Structures are given as structure tokens and as C-alpha cells.
Amino acid sequence: MDIHSHLSNIEPVALEALYRQFLEDPTSVDDSWRHFFLGFDLARKEFGDEEALSTGGQNLAQKEFQVIELISAYRTRGHLFTQTNPVRERRVYTPDLAIEHFGLKPSDLGQVFQAGSQVGIGPATLQEIINHLIETYCNSIGIEFMYIRAPKRWAWIKDQIELKNRPKLTAEEKRQVFRKLNQATVFEEFLQKKFVGQKRFSVEGGETLLPALDAIVELGTELGVREFVIGMAHRGRLNTLAHILNKPYAEIFSEFAGKAYDHEAEFDGDVKYHMGHSTEQVADSGLPVKITLVPNPSHLEAVDPVVNGVVRARIDADLKSEDAIVPILVHGDAAIAGQGIVYEIAQMAELDGYRSGGTVHIVVNNQIGFTTNYLDARSSTYCTDVAKVTRSPVFHVNADDAEAVVQAVRIALAYRQRWHRDVYIDLLGYRKYGHNEGDEPKFTQPKLYKAIAAHPNAREVYREKLIAENLITMADAEKMRSDLEQELDTSMAEARTTDKLYVTNFLADIWGAYRHKQSDDDTALVDTTFDAERLAEIASRMTALPEGKFFRKVKKLMGDRVKMIDKDALDWGMGELLAYGTLLADGHPVRISGQDVERGTFSHRHAVLKTEDTEQEYIPLNHIEQGQAELSIFNSLLSEYGVLGFDFGYAYGMPGGLTIWEAQFGDFNNGAQIIIDQFICAGEDKWKAMNGLVMFLPHGYEGMGSEHSSGRMERFLQMCAQDNIEVANPSTPANHFHLLRRQVKRSFRKPLVVFTPKKLLRYPGAISTMKDLSNGAFEPVIDDASRATKAAAKKVKRVVLCSGKFYYDLLEERQARSEKGKKDAIAFVRIEQLYPFPKQQLDDVLNRYPVVEIDWAQEEPDNMGAWTHIHRFGPEDMVCIARPASASPATGSPVTHKIRHQRVIDVVFSND
């Protein structure tokens with residue numbers, strides 16, 4: 001094992017004992033220790049032979065160990081004493097790194113110590129060692145890495161940050177850094193002059209973000225990266241779009257002008273600093289690279305899991321290697337410390353179902369959040385302390401030191417490519433203006449902003465450095481400025497000739513085979529049939545167990561499924577699994593994730609089986625046909641926000657597959673409300689980007705309490721407009737089967753929200769046949785089978801519309817009443833698709849009945865469920881039969897539930 005990993009932690013007493021062991025028998029210690037002690041002995045020569053060991057030699061040995069302690073302290077705590085804050089004095093931390101804290105004295109400064117070999121400079125005086133440590137650990141870069149427990153990763157970082165091993169910039173690379181700083185600065189100044197008072201969320205104070213991203217892209221291509229996917233908030237976004245993704249200036253200026261979109265009138269679009277973009281470029285290395293910036297809302301950090309989902313999908317679909325694509329997340333200091341989603345993605349980083357090969361995190365550290373000082377914004381020392389969750393290295397860098405920034409990001413990217421783990425770069429800068437350019441920061445931070453006003457920008461700082469090094473002249477710098485200003489002026493003139501804006505899908509290259517939904521798609525029949533013989537073969541293979549010791553209940557489960565096939569009576573689980581099986585056989589990959597999805601919250605799925613003795617996993621659906629696509633199914637961490645965001649991103653990157661997120665209970669979806677509101681329901685309308693994510697939300701009132709009854713149907717239906725999503729509440733295995741197949745078989749994509757049942761999973765009345773699956777289609781409306789004939793239809797006096805599991809509750813009551821000789825004249829019509837509302841299909845059904853009354857019945861309270869939505873689209877004189885409006889979705893008492901539920905049912909039949 002590497003000696004360095006021992007030296008960082010070993011106690012001096014233990015180290016001295018090990019040295020004594022070496023003296024007695026050099027072969028009794030590890031090679032690395034033996035080499036160290038051999039070198040140490042050279043320093044003892046001045047004391048003569050072994051007799052000296054009892055006097056000066058002992059003192060020297062003790063001091064060697066004390067110097068090693070000092071070195072370890074610099075590595076562990078040096079980051080607290082760096083020169084990384086460009087506009088403020090650093091906080092004072094105690095104890096400091098004074099030599100007296102380590103038993104050393106000023107008189108030792110001239111003494112030569114073997115411990116210098118531990119920092120790569122060989123035997124050296126204590127003063128030389130300290131100078132080296134200060135330059136390495138306490139200058140413009142502060143490094144946190146000593147908590148890394150993996151010896152090889154720890155040693156790699158330690159070696160890479162040694163001064164002699166750090167990346168050195170050539171003269172041309174330094175000029176490139178200045179070019180990027182020039183672009184960043186001049187662009188922001190141009191916008192400030194031309195669009196006075198408009199929000200742009202300037203990067204000024206953090207301009208070195210641009211050379212940092214540029215350096216990552218350039219080095220990345222040399223390290224095998226073919227794609228970068230970036231997620232970032234609004235600050236610096238326009239500059240990144242212009243100078244990293246090469247979005248034309250004229251397009252950006254047209255967005256500032258507030259022009260209308262060149263789309264149909266109902267397209268809403270989004271503000272300029274939320275839009276996504278993608279570009280294919282050739283790096284300076286001559287290698288091609290694709291850079292994608294994912295669109296995002298104002299909700300800070302919400303895009304983080306989406307980015308990682310896109311990256312994972314690209315790995316699974318095409319790239320097949322974590323080396324080939326890198327996610328980059330650009331954070332603000334207040335957001336990375338304050339937004340809980342950051343912790344969620346940190347916990348996801350190393351999980352099999354959610355890893356994306358390591359994320360490069362860059363913090364544009366303004367030392368302020370809107371008007372909140374950093375001391376009021378977190379309890380942790382650093383905004384990046386979340387990195388310690390995954391023991392990821394952190395580079396704290398003075399954002400005014402452009403070369404240090406480039407050095408840090410190059411080491412960081414090399415670390416990511418070598419170890420495929422997260423890495424963090426904290427660019428400590430400032431914010432030149434307020435939260436936006438119209439905000440006055442001196443109201444809340446007058447002292448800080450007085451210092452910022454007098455502080456030179458990063459371009460000026462680096463310009464002077466390069467002039468001093470004779471790499472550029474002031475004339476060169478000014479010409480670079482004037483050339484860019486002329487280009488910006490030309491683009492501004494071009495923008496004035498553009499009448500409208502056009503928004504394209506930020507992933508247009510992988511969505512080329514798909515189109516946006518058309519007005520006639522709601523009534524178009526989608527072929528979801530499947531060959532009956534192949535279906536039977538898939539059913540047979542997915543119910544077969546391989547050799548191995550399986551739990552007896554697993555064997556019974558598979559035996560029961562075989563019986564279902566034999567009896568041609570498929571339950572919900574079989575219908576669902578056969579939908580996946582047929583899609584896999586057709587070449588469509590399926591991904592399912594969420595809490596407990598492998599088995600299913602209610603133990604209905606059992607998509608993953610485990611042997612009893614070794615817990616080896618077996619996924620039957622991955623063994624149905626040669627050449628089939630793969631089912632990827634993952635039990636998630638206990639998160640809704642992060643996991644739903646990840647799966648939404650995955651669906652972006654895998655348009656040809658079926659991507660499903662399942663809530664443990666539908667009620668828990670509100671833990672991911674930001675993803676639902678900002679991405680799922682509004683994403684296409686804002687960003688012109690389709691997404692086919694499916695959400696499974698178990699829903700149904702069965703006396704399980706307020707948090708285990710409702711999937712909050714009303715919230716989704718309230719957000720339905722402009723064909724933004726689809727919402728379904730299917731009531732048969734066959735309809736569920738065809739609904740899932742339809743999701744993939746159409747030429748467009750929409751997010752699909754499915755309220756899945758609990759009661760119906762094993763309900764004897766909710767079964768389908770193999771023919772229903774092979775020959776059927778999704779039915780948005782299902783008529784009352786008992787009223788199928790014309791004669792029966794003529795006797796109907798009332799039509800009661802309902803949805804989902806509640807239909808079977810009404811059916812049970814009808815059966816109970818029939819057994820008592822009570823007949824009804826009601827037709828129960830199920831609305832299986834709630835949005836887009838199937839008006840034509842419903843009218844076709846209603847036209848069969850010469851009715852005088854149409855009601856809507858639901859098990860949810862009057863102010864919840866589908867009623868307010870149905871009222872928008874259904875017959876005007878329709879009456880709602882439901883529980884009274886309620887603050888809570890359901891009662892916590894099973895007895896009270898039963899009473900209330902029966903009351904609703906009684907009202908349904910009392911009017912007959």
C-alpha cells in the first residue's frame with residue numbers, strides 16, 4: 001500500500017515504533033516504508049553510528065515525524081488559509097499552521113529533513129518544505145481531498161496537485177484563456193450598454209467560468225469525450241451559450257428585443273436565460289464534440305437530475321461508455337448549499353440505476369445569494385461541503401487567477417475520466433451587480449460593493465500578467481476588444497432585420513424521427529396489436545424459472561402466472577409485464593425506476609427474482625427473445641424529486657424507449673412538484689422539446705389514510721392544457737397494456753400520467769384475455785357491458801360516468817342489490833382517458849342512450865379527483881356525486897372511510 005496514505009494518518013508514536021522495527025529487521029516492513037526509512041537514515045549520518053540514536057538521532061527522528069505531521073496538516077487544513085478570495089479577507093480559523101503547533105521551532109527552519117521527499121522535493125530544509133507547502137496548498141487553489149478513503153484515488157489526487165505535476169499552460173493556451181476572458185467581459189459590457197435595465201444575470205465577477213468550460217471541452221476531447229451535457233442556472237448562461245455553445249449573437253440579441261415566436265399562436269416559449277441549445281463543434285484538438293445545454297426553469301438546481309438522466313440515456317442508447325460523455329453542473333453558491341436536490345443527486349451519483357460516470361460540478365461563487373450574505377446562507381464552512389457525502393475532491397480557486405482556474409479544472413476533468421466519480425470546483429469570485437442588473441446591491445452589502453466597484457475585472461488582471469510575460473501587448477488586448485465589439489455591432493444590425501424568434505428542440509438530432517402532436521391525433525387509431533403466437537411465447541418464457549434455488553413463494557408466484565395463461569385470465573401484473581415484454585421484443589428498451597419497483601409496492605410485479613441462497617438476480621423479461629431490447633428496472637433511493645427529474649431527463653435522451661417512474665404511493669408525487677410543474681407539464685410549451693416519460697401513481701380510496709389514497713388527480717388535471725400531457729385511469733389489464741404500447745408506438749411523445757390501482761391488482765373482476773391483448777386497442781371510454789344491446793340501452797334512465805377502481809365498487813353494489821331483487825336503470829360508463837378528454841368517443845357512447853340525466857360519480861371529495869376537470873368538458877347539466885369538499889384527501893379511520901364511501905355509492909343508486 002502507498003506510504004503516503006499511511007503517513008497522512010499514522011500517529012508519531014506508531015511511526016517511531018515502526019522505525020525501530022525497521023532498524024531491527026529492514027525486511028520486516030513494507031517496501032515503501034523501507035525506502036522511506038533508508039532515506040531517513042541518510043539524514044542521521046551527521047550523528048555518527050548507532051550510538052547517536054540515543055541522543056541527537058532520537059531528536060532528529062522525532063522532528064522528522066513532526067514535519068510529517070506538519071505536511072499532513074497542510075494537506076488537511078491548508079485550504080482554510082488560502083489566497084482564494086478576491087474581494088474579502090478570509091475568515092480566521094484556529095489553530096493555524098504555525099510550526100509551534102507541531103513541536104517545531106524557528107531554529108529548525110534551516111535543518112534538512114527527509115520528509116521533504118513526501119512533497120516531491122527530496123531532502124530539504126524545513127523552510128523550503130514550508131514554502132513548497134504554502135505554494136501548493138495555500139495559494140490560489142485550496143484542495144480538500146484528505147477524507148478520500150480509497151488509497152489509490154487519494155494518492156492520485158496528491159500526486160496531481162504537486163506543483164511539478166500540475167498542468168502547465170503554453171503561451172498559446174494562455175492567449176486562449178485571455179480570448180475567453182475578453183469574450184466574457186466585452187459581451188457583458190455590450191449587453192449592459194445596448195439593453196439598459198434588462199435582466200441578463202451577468203457573469204461579471206465570475207468571468208473565468210468561460211475559460212474553465214473551454215479548457216474542460218478541449219481537454220475532454222483528448223481524453224475521449226464526445227459529448228458534454230451542461231446544466232446551469234441563469235447567471236452566466238447567455239455568455240455560455242454565446243462562447244461555449246457558439247449560439248449566434250444575433251439570435252441572442254433578437255431574444256433581448258422581445259420578438260414574437262415564429263410558431264403557432266399558443267406557443268409560450270420562455271425567457272432567454274432559460275433556453276437550451278445544442279451544437280456540434282470541432283475542438284482545437286481537431287476532434288469533434290457535441291455540447292448540449294439543457295433548458296431549465298428559475299427553480300435553482302432543478303435541472304441537475306435532468307442533466308444526469310440525459311447523460312445516462314445517451315450512455316445506454318448510443319455511447320456505451322462513461323468515458324464518452326460528461327455531465328457538467330454549474331451551481332451558484334447559495335443554491336448548492338441551500339437546495340436539497342443537490343444532496344439527492346449526490347446520493348444518486350454512485351448508484352447502479354442512476355450513475356452517469358461522475359459529474360463535474362462548478363460553483364460560480366458570488367459569496368451572496370440575492371441579498372443574503374454567505375454567513376446567513378449556510379451552516380457549513382463551504383458551500384461545497386455536500387461533496388463530502390461522496391468523498392469527492394474539491395478545488396477552491398480564486399476566480400481572479402485565470403491560470404489557477406484552468407489548472408484546477410484540468411485536474412478535475414482528468415480525475416473524472418480516471419475514476420468516474422464526482423468532482424467539485426469552487427470558483428470564488430463576486431457578483432458585479434445585484435441579483436439582476438436592475439437591482440441595487442448597496443442597500444444590503446454597501447461595504448462589499450464598495451470593494452467590488454474598485455476591483456479590476458478578471459480580464460484586466462490577466463491582461464497585465466500576460467503583458468508582464470511579454471505574451472501580448474496592450475495594443476493586442478485593445479484590438480481584441482475592438483474586433484469583438486465590431487462583430488457584436490454587426491450581429492446587432494442583423495438582429496434588427498429578424499422579425500420573429502424560432503425555438504428548436506435542444507436535442508433535435510436524436511428526436512429527428514418524431515413530430516409534434518397534430519390536431520387529429522386524438523381520434524387516430526394507434527396499432528397496438530401484437531401477434532398472438534409471439535405473445536403466447538413471451539408469456540411462456542417470462543414465467544419460466546431457470547435452474548437455481550428460488551424461494552418457494554417465488555415458485556408459487558410463477559406457477560400462478562402459468563395458470564393465468566392456461567385459464568386465459570390475466571391479472572393486472574401479467575397485463576403490465578406482457579406490455580413490457582412485447583415492447584422489448586419489438587426493440588424498444590424499457591426503464592422503470594422508483595421506490596420498490598422491482599417487486600412492486602403491492603407485490604404485484606416481481607420483475608426481478610432472486611435465488612434464495614446467493615440472492616443472484618434474474619430478470620425473466622430479459623430472456624424472452626434473441627436480439628430483444630433490455631428491461632432496466634431499479635429500486636430507487638428514497639427520493640421523489642431527484643429520481644423523477646432523472647427519469648424525465650432519461651426520457652429526453654431515449655425517445656424510442658419506454659421510461660417509467662413509479663411512486664410508492666401516488667400521494668408522494670408532490671415531493672417532486674417542481675419537476676411536475678416546470679418540466680413535465682410545461683416543458684414542451686416552453687422549450688419545444690417533447691418528452692415521453694410515464695408516471696405511475698397508485699391511487700384509490702381503500703381506508704388507508706390521507707397519504708395513501710390519492711395520487712392528487714385534480715392537480716394534474718388542473719394543469720392540462722394545449723395537449724401538454726396525457727392522463728389516464730385505466731380499469732382493465734388490457735387497457736393498461738395497450739396504453740403503454742401506444743405510448744411508444746406513436747410518432748410523437750407526451751408525458752403520460754397513469755393513476756394505477758391497488759385493489760384491482762388481484763381483483764377477480766379486473767381480468768383480461770390474451771386476445772384482449774393481441775387484438776385490442778386502448779379504449780378512452782368503456783361502455784357498460786350489461787347495457788350493450790339496443791334493448792338494454794333503451795331501458796337506461798341515467799348514465800353515471802366514473803373512472804378507475806370506483807367502477808368496480810359500483811358494480812359490487814349493483815350485484816348486491818340485484819341479489820336482493822333490486823334492479824337499476826343505470827349505465828356505468830368509464831372514462832379511461834381523462835386528458836385529452838375523449839369527447840367524441842364519449843358522445844358516441846352517450847348517443848346510444850335516450851337519457852334524461854347524466855351524472856359524474858367519484859370516490860374523492862368534491863374539490864378533488866376529476867370532477868372540476870370533467871365539468872369543463874362534459875355535458876353542462878351534469879351533477880357530481882362525491883364526498884363533501886375536504887381539506888384532507890381522506891380520513892385516517894377505516895371505519896369512517898367505509899361509512900363515507902358507502903354514502904356516495906348509496907347516492908348513486910338512490911336517484912334511480
Side-chain angles (χ1 to χ4, degrees), residues 511 513-536 538 570 572 575-576 578-588 590 655-660 684 690-694 720 722-756 766 768-785 787-788 793 801 803-804 807 829-849 870 873-874:
W511 281 81
Y514 302 89
R515 59 173 177 79
H516 290 277
K517 185 179 178 181
Q518 306 298 320
S519 58
D520 59 348
D521 282 325
D522 283 333
T523 56
L525 182 64
V526 180
D527 184 7
T528 57
T529 61
F530 195 81
D531 180 75
E533 290 186 8
R534 283 185 75 201
L535 183 66
I538 290 172
L570 308 177
W572 197 274
E576 179 188 325
L578 283 168
Y580 305 147
T582 57
L583 289 171
L584 295 170
D586 285 345
H588 300 285
V590 177
L658 179 68
T659 304
I660 299 171
E684 185 176 0
M690 290 181 287
N691 192 289
L693 177 69
V694 178
C720 289
Q722 298 176 303
D723 284 328
N724 59 335
I725 62 174
E726 296 184 343
V727 182
N729 191 18
S731 61
T732 71
N735 229 21
H736 190 52
F737 171 94
H738 291 291
L739 177 67
L740 295 177
R741 284 183 56 77
R742 186 184 74 168
Q743 183 70 2
V744 178
K745 292 300 181 181
R746 294 183 299 192
S747 55
F748 63 89
R749 294 288 183 266
K750 294 286 180 181
L752 172 62
V753 181
V754 185
F755 292 95
T756 54
S768 299
T769 67
M770 293 286 280
K771 185 177 180 180
D772 292 333
L773 273 56
S774 63
N775 291 346
F778 176 70
E779 299 180 83
V781 178
I782 300 180
D783 199 355
D784 191 329
R787 309 293 189 246
L801 305 179
S803 187
Y807 163 77
V829 176
R830 285 169 275 177
I831 309 297
E832 302 276 292
Q833 178 175 292
L834 296 165
Y835 188 82
F837 191 77
K839 190 174 188 312
Q840 179 176 321
Q841 293 92 331
L842 178 59
D843 287 345
D844 291 342
V845 171
L846 294 180
N847 288 337
R848 295 186 57 247
Y849 302 107
I870 295 294
F873 297 100

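Heads up: numbering here begins at 1 and tracks the sequence. In this text, all values refer to a predicted model and were calculated from it rather than measured experimentally. Below, all heavy atoms of this structure are taken into account, side chains as well, without hydrogens, waters or symmetry copies.
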Can you see which heavy atom on Ile725 is nearest to which on Pro836, and at what distance?
O-CD, 4.2 Å

How close do Thr732 and Asn735 get, heavy atom to heavy atom, and via which atoms?
OG1-N, 3.0 Å

Please check: side-chain N/O of Arg741 versus main-chain N/O of Thr529, any donor-acceptor pairing under 3.5 Å?
yes

Please examine the side chains of His736 and Glu576, heavy atoms only from C-beta on, and report whether any two atoms are closer than 4.5 Å.
yes

Is a side-chain N or O of Arg830 found less than 3.5 angstrom from the main chain of Asp784, in a donor-acceptor match?
no

Non-hydrogen side-chain atoms of Leu842 and Val829 separated by less than 4.5 Å
yes

Could you check whether any side-chain N or O of Arg848 sits under 3.5 Å from a backbone N or O of Ala788, counting only pairs where one atom can act as donor and the other as acceptor?
yes

Minimum side-chain heavy-atom gap Gln743-Glu726 below 4.5 Å:
yes

Can you see which heavy atom on Ile831 is nearest to which on Ser803, and at what distance?
O-OG, 2.8 Å

Once rounded to the nearest 0.5 Å, what's the spacing between atom CD1 of Ile538 and atom CG of Leu584?
8.0 Å

Using every non-hydrogen atom in the two residues, find where Gly656 and Val744 come nearest and quote the distance to one decimal.
O-CG1, 3.8 Å

Could you tell me whether the side chain of Thr582 reaches within less than 4.5 Å of the side chain of Thr528, counting heavy atoms only?
no

Rounding to 0.5 Å, atoms CG (Leu525) and CZ (Arg742) come to a distance of 10.0 Å

Can you sort out the partners of Asn724 under side-chain hydrogen bond (donor to acceptor under 3.5 Å, both in side chains), two or more places apart, ordered by chain and number?
none

Tyr835 meets the side-chain hydrogen bond (donor to acceptor under 3.5 Å, both in side chains) criterion, sequence neighbours left out, with none

Step by step, work out the side-chain contact (heavy atoms from CB on, under 4.5 Å) result for Leu658 and Tyr580.
CA-CA 9 Å; Leu658 179 68; Tyr580 305 147; 4.0 Å; yes

Measuring from atom CE of Met690 to atom OH of Tyr514, what distance do you get when rounded to the nearest 0.5 angstrom?
9.0 Å

So how far is it from Ser774 OG to Arg534 CZ, rounded to the nearest 0.5 Å?
12.5 Å

Could you check if a side-chain atom of Lys839 sits within less than 4.5 angstrom of a side-chain atom of Phe873, using non-hydrogen atoms only?
no

Which heavy atom in Leu535 sits nearest to a heavy atom in Leu773, and how many Å separate them?
CD2-CB, 3.9 Å

Pick from Gln833, Gln840, Lys517: which one makes a side-chain hydrogen bond (donor to acceptor under 3.5 Å, both in side chains) with Asp522?
Lys517

Does a donor on one side chain and an acceptor on the other come within less than 3.5 Å for Tyr807 and Asn729?
no

Pairing of Lys750 and Glu684 as salt bridge, 4.0 angstrom limit:
yes

Gln518 side chain to His516 main-chain N or O, any donor-acceptor pair under 3.5 Å?
yes

Are any side-chain N or O atoms of Asp772 and backbone N or O atoms of Thr769, one a donor and one an acceptor, separated by less than 3.5 Å?
yes

Between Arg746 and Asp521, does at least one N-O distance fall below 4.0 Å, as a salt bridge requires?
no

Got a second to check how far Phe778's CZ is from Leu740's CG, nearest 0.5 Å?
10.0 Å

Please list, chain by chain and in numerical order, all residues satisfying side-chain hydrogen bond (donor to acceptor under 3.5 Å, both in side chains) with Lys745, sequence neighbours excluded.
Asp586, His588

Tell me, do Leu578 and Met770 make a side-chain contact under 4.5 Å, heavy atoms counted?
yes

Nearest heavy atoms of Phe755 and Pro730, plus distance in Å
O-CD, 3.9 Å

